[in-house]
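In the text below, chain A, chain B and the rest are named by the order of the sequence lines, each starting its count at 1.
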Protein chains: 2
Amino acid sequence: MAKIDDVARLAKVSKGTVSNVFSQKRRTSKEVTERVLSVSRQLNYVPNHIARSLVTKKTMAIGLTIPHGNFFFSAFHNQFINGVVLEASYHGYRVLLDMIPTQQVKTPFLSSYPIDGAVVMSPTTDDERIRLLHMDDIPFVTVGRVMNADIENAPSVDNDNERMMHKIVRYLADKGHRSIMFLNANELMTVSIDRNEGFIRAMEERRLQVEAHMIHHKPAILSNEYMDYGYAETLNVLGGQGRGVTAIIADDDRTAFSSLNALKELGLRVPEDVALFVICGDLSMMVQSNPSLTSMDLRPSELGAQSVRLLMHKLGVLTDHFPENIVVESTIVERNSC
Amino acid sequence: MAKIDDVARLAKVSKGTVSNVFSQKRRTSKEVTERVLSVSRQLNYVPNHIARSLVTKKTMAIGLTIPHGNFFFSAFHNQFINGVVLEASYHGYRVLLDMIPTQQVKTPFLSSYPIDGAVVMSPTTDDERIRLLHMDDIPFVTVGRVMNADIENAPSVDNDNERMMHKIVRYLADKGHRSIMFLNANELMTVSIDRNEGFIRAMEERRLQVEAHMIHHKPAILSNEYMDYGYAETLNVLGGQGRGVTAIIADDDRTAFSSLNALKELGLRVPEDVALFVICGDLSMMVQSNPSLTSMDLRPSELGAQSVRLLMHKLGVLTDHFPENIVVESTIVERNSC
DNA sequence: TTGTATGCGTTATCAT
DNA sequence: ATGATAACGCATACAA
């Protein structure tokens with residue numbers, strides 16, 4: 001691999017000049033620029049990213065930390081990552097995919113982390129990743145509210161979880177539903193906490209009773225029940241005993257489908273007997289489902305893009321004024337399940 | 001941030017010794033080791049990854065290049081990435097997510113690429129990414145066969161595409177189907193080419209006619225028809241004209257659901273009137289669909305893990321004997337759609 | 001087992 | 001506008 005000295009020698013300029021031709025940090029005459037570029041092409045030269053990083057102290061990469069464990073992307077994650085990668089590359093940044101595996105790995109943090117900043121997905125209460133980032137002084141943006149005890153004012157991007165639940169409850173209540181079951185996300189995630197509160201508050205506002213059997217949380221990702229979440233709950237609560245639940249809010253598409261299956265087994269029709277409402281989910285799946293599923297669009301791709309944009313401000317790449325906490329509006333998409 | 005000299009001074013050793021304590025490349029006495037570690041903790045020191053990379057010429061990161069464009073992960077991609085990240089982290093490697101966006105970005109290849117190797121998903125004929133990697137002498141492994149003109153003997157991981165199609169056709173033919181429609185992946189992908197050949201050959205072997213209306217290819221990812229692929233084709237071919245198609249092979253879950261929807265609209269029952277077979281797809285979706293879909297399991301997570309393992313051999317991280325081209329066995333999972 | 005000196009390839013500072 | 005040179009923080013060959 002050719003180095004900067006080779007180019008400098010052949011182009012009869014100093015290495016400083018070659019450096020400037022590539023970094024554009026100060027002007028170079030058209031003449032020299034072209035000579036350098038020509039020689040570089042000839043030698044197949046490109047600046048060494050590592051050496052550059054060593055002196056600039058910028059890696060031009062951001063980390064994307066993903067929910068830990070033997071994770072399983074949902075449609076939400078997909079589109080979110082989409083938004084992140086696209087927006088990052090737009091600013092010249094690369095994305096380092098990252099997870100905190102449950103099993104011990106060879107090099108956890110044996111050396112510094114070669115990223116300029118990070119996007120943290122689905123923070124949990126007292127999130128380990130956030131602790132680490134904070135300790136290492138790496139700027140980060142979370143998607144969802146941070147609830148670590150010692151950290152305040154963390155920049156974040158989030159949906160309006162409270163309002164979202166109000167909107168959903170209102171929507172269902174207006175259709176006459178009084179007993180609504182909420183199949184929430186995992187209880188450790190901060191968004192799930194916010195949504196829970198929103199749900200309960202919205203129900204109370206409407207003078208609707210919230211009973212224990214009406215709120216459930218997705219099991220840990222590695223548990224056996226994970227894949228079946230929604231099925232057993234629906235069977236239990238809507239089967240036999242007749243607790244009077246007439247509407248179900250499901251956390252994601254997988255959960256919704258599980259629930260839908262249980263409903264079919266129980267001989268309950270959607271939406272005639274029971275309404276099914278999905279939070280987010282894969283658009284094409286929602287549409288192609290039978291019946292198509294009414295859902296709350298969380299706009300994950302937008303969440304991803306905004307989180308990167310916010311991070312770019314933290315990194316000083318973008319300098320116009322920008323809020324510290326961005327709320328991405330979520331909207332109800334009516335289909336045929338409610 | 002503390003540097004190696006600070007630690008050396010406080011621990012009263014040379015920087016070379018500090019270096020060795022962390023890299024473990026040569027023994028250090030227990031005494032010294034502990035003193036160094038203790039001081040490091042005290043100063044919150046960790047070796048600088050960039051500086052280390054500059055001299056070792058290893059970034060401890062691999063690239064994962066994803067189908068270009070405003071891409072859209074499918075269940076296959078999800079699980080694949082899962083396998084890649086998990087296996088990579090097991091060997092102490094990080095994963096740099098990478099895409100070649102359609103829109104022009106700021107820094108395409110303005111500087112060298114800070115990865116030790118790459119995994120290339122879904123190679124196309126004359127793949128640009130492969131050209132670049134090859135030019136830059138970056139070891140890479142493809143998932144699917146390489147068809148670039150100037151590249152031979154590229155290490156790869158793949159399913160047995162030919163055999164797979166034989167198995168599927170045999171399976172369907174044994175159930176009495178003689179006219180089978182194949183909703184294949186995008187025609188640029190090498191796997192789709194292989195599967196096409198396999199399909200045609202398998203049909204011929206069984207003396208079954210392959211007509212033009214029986215083979216379709218997924219439109220480009222940015223086109224309007226992309227999301228609807230499967231729907232229009234099913235409507236056209238199985239509607240009105242009655243071309244006698246009694247079985248459909250769909251490339252992925254999205255396509256299958258589209259097709260399923262069209263079948264419902266046509267009043268055709270699955271599997272009574274038409275058999276529907278899915279290649280890969282999201283397990284939980286397949287199961288929860290109604291009817292549950294019989295499918296070919298491509299084992300994407302295994303593909304991901306194996307591709308990383310193969311790459312590790314290319315990088316000299318793993319040294320035992322290992323084949324250059326790995327075939328991951330795919331198996332039929334029978335459900336209720338055929 | 002440990003210390004010393006050199007180099008990795010670039011950017012930045014200070015000249016000119 | 002360009003050149004010369006000192007960092008950047010570490011690993012490693014060689015010396016002790």
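Using a 4.0 Å heavy-atom cutoff across all strands shown, B:Thr28 reaches sugar-phosphate atoms only and no base atom. As judged by a 4.0 angstrom heavy-atom cut-off over every strand, A:Lys30 is placed among residues making no nucleic acid contact. Across all strands shown, A:Lys58 has no heavy atoms under 4.0 Å from either base or sugar-phosphate atoms.
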In 5'-to-3' order, the base (B), backbone-only (S) or no-contact (-) status of each nucleotide in nucleotides 4-12 of chain C, using a 4.0 angstrom heavy-atom cut-off, is B---BBBBB
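Donor-acceptor pairing under 3.5 Å is lacking for the side chains of A:Asn20 and A:Thr28. Looking at A:Thr59 and A:Ser53, their side chains never bring a donor and an acceptor atom within 3.5 Å of each other. A donor-acceptor pair shorter than 3.5 Å can be found between the side chains of A:Asn325 and A:Ser156.
Note on residues 307-316 of chain B: pairs passing salt bridge (Lys or Arg N to Asp or Glu O under 4.0 Å), not counting sequence neighbours, are B:Glu87-B:Arg309, B:Lys314-B:Glu324.
Distance NE2/B:His134 to CD1/B:Ile151: 5.0 Å, rounded to 0.5 Å.
With a cutoff of under 4.0 Å to any heavy atom of chain B, the contacted region of DNA chain D is bounded 5' to 3' by D:dC8 to D:dC14.
Between the B:Asn48 side chain and the B:Ile50 main chain, a donor and an acceptor come within less than 3.5 Å of each other. B:His313 places a side-chain N or O within donor-acceptor distance of the main-chain N or O of B:Asp320, the cut-off being under 3.5 Å.
Under the 30°/60° scheme for interplanar angles, the aromatic rings of A:Tyr45 and A:Phe22 are found to stand perpendicular.
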